[in-house]
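Chain naming here is simple, since letters A, B, ... match the order of the sequence lines and numbering starts at 1 in each. What's counted below: heavy atoms across the whole structure, side chains too, no hydrogens, waters or symmetry copies.
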There are 2 protein chains.
Amino acid sequence: MKADIPLAAVAVDLVILTVRQDALMALAIRRGIPPFKGQWALPGGFVLPDEDLDAAARRELAEETGLADFRAHLEQLATYGTPGRDPRGRVVSVAYLALAPDLPFPSAGSDAAAARWGPAADLVGELAFDHPQILNDAVERARAKLEYTPLAAAFCADTFTIAELRHVYEVVWGVELDPRNFHRKVTSTHGFVVQADGTTTRDGGRPAQLFSVGPAEVLRPPLMRTGAAGEDR
Amino acid sequence: MKADIPLAAVAVDLVILTVRQDALMALAIRRGIPPFKGQWALPGGFVLPDEDLDAAARRELAEETGLADFRAHLEQLATYGTPGRDPRGRVVSVAYLALAPDLPFPSAGSDAAAARWGPAADLVGELAFDHPQILNDAVERARAKLEYTPLAAAFCADTFTIAELRHVYEVVWGVELDPRNFHRKVTSTHGFVVQADGTTTRDGGRPAQLFSVGPAEVLRPPLMRTGAAGEDR
DNA sequence: TCAAAAGTGTTGAACATACACCCATGT
DNA sequence: ACATGGGTGTATGTTCAACACTTTTGA
């Protein structure tokens, strides 16, 4: 490569979101090494030579969550490269957004002294680097994507009830949805969910049919818009 | 910076789209230096030390189009960093999407022997590097964004008629829209367009009211969906 | 006066919201 | 039996596609 081309370190940072305890949560890592040692930050790390960006993100996801071959949605979010964003020098960071179901993570990985789930709203005020901005962008992206993709199911287990799926929308959007209209809408949207075997009463009341995500078809039309709540009078 | 952190060159590549001659066109540069000398590619260049990514994109936009202080929409698209995508070595490229009105560009810049507008559909088969993929992603993004943002006006001059705005949608989406329903929809969507002074007959027929983009307000609701054409019988 | 484009009115269909109401389980 | 959540039916309102019709210019 020509000598006069400026070089930079390339990192990937992960915003791993999940719905947990009625809140939208993100995974944060307590930094075990400088800079910002002891502070919370997004999980991430440098891209290896000859490693693809997506592969680096997937590797970090597996490392930090302690789960290999992890069933989660992962997509590139945006790239942050403002000079001075990392005191070590020029670091260009490619941020990724991961949506995961609520699983009890072993967490705590390589250079991390600790890891924790925190409400996204709270973490924005605690993270080091420019990670608050990245987290904000990630949450905004997630909110937007629920509107026109069937991505909400990425927050659920392999099989789920319609009510659990509705809970995802309610938490991510901070609204209440009418259970009856939501049920109709989801089940009548072709390709969104497909009936799975069995029912469950884990939410109490009448047994609920289990569903799983539909086959990877194209789903162009808008899937969900607001649709406010209502009460029987 | 620690010595064992792998470094990479960071570039910005631009997909500059415009609507021209009833087609969605992109700006291509004939490369004046190796690699791929003589072939067509997207305009772009390396990010300077201490230069922000957005600033680098804006600088390249000004350089390649020959227009400084350019009134165009510019947003980050995605980042491409597959090892081997550039034969010179590890190059991570942050792609930007620009939407410009149809202006007669002086074009031809620094290391470019020539520049030309080409239909996006054709250029996909001609570009060097992984630029066909970048162009594809850009067109897809542009198409999607017209649906839920007022961005179509970025393809128009400072003032425009509703018919000109409709033409943008028709070309980008490859559909025909009903002029009457489109007119009603656009003018009744608060904050999309505001009446400007004067009328024009440049499209023939009855003089058309001129409009300009509304003040930078929030426009969350979906602005445009298909809405096929129809004929009076 | 005719063609061509701008713009308004109206109607039937599709869809969304807000509920009443019934169903199937655990306690 | 009754509380709890699952799921269906239905009326009312809103949005949208289709298209008839009027307006205003240039040729």
In this structure, how many angstroms lie between the [atom2] atom of [N] and the [atom1] atom of [X], rounded?
X	N	atom1	atom2	value
A:Asn181	D:dT14	CG	P	16 Å
B:Leu210	C:dG7	CG	C1'	15 Å
B:Phe182	D:dA18	CZ	C1'	17 Å
A:His167	D:dG5	NE2	P	13 Å
A:Leu165	D:dG5	CG	C1'	16 Å
A:Asp178	D:dG9	CG	P	16 Å
B:Gln195	C:dA6	CD	C1'	13 Å
A:Arg180	C:dT17	CZ	P	13 Å

Donor-acceptor pair under 3.5 Å: do we get one between [X]'s side chain and the base of [N]?
X	N	value
A:Arg202	C:dT25	no
B:Asp203	C:dA4	no
A:Arg184	D:dG9	yes
B:Arg206	D:dG26	no

Show me the donor-acceptor pairs within less than 3.5 Å that the side chains of residues 203-211 of chain A make with the rest of the protein, sequence neighbours left out.
residue	atom	partner	partner atom	Å
A:Gln209	NE2	A:Ala196	O	2.8
A:Gln209	NE2	A:Gly198	O	3.3

Please round to the nearest 0.5 Å and tell me the distance separating atom CG of B:Leu27 and atom CD of B:Glu64.
7.5 Å

Let's see if you can work this out: which of [options] has an atom nearest to the side-chain heavy atoms of [X]?
X	options	answer
A:Ala208	D:dG6, C:dA6, D:dA18	D:dG6
B:Thr201	D:dT25, C:dA18, D:dA17	D:dT25
B:Lys185	C:dA18, D:dT25, D:dC16	D:dC16

Can you check whether A:Leu165 reaches A:Cys156 side chain to side chain, under 4.5 Å on heavy atoms?
yes

Would you check if A:Glu60 and A:Pro43 make a side-chain contact, meaning some heavy-atom pair closer than 4.5 Å?
no

Given C:dG7, is OP1 or OP2 found less than 4.0 Å from the side-chain N or O atoms of B:His183?
yes

Between B:Gln209 and B:Gly205, the residue closer to the 5' end of DNA chain C by nearest nucleotide is B:Gly205

Can we call the ring centroids of A:Phe129 and A:Tyr80 under 6.0 Å apart?
no

Between A:Thr187 and A:Gly204, who's closer to the 5' end of DNA chain D by nearest nucleotide?
A:Gly204

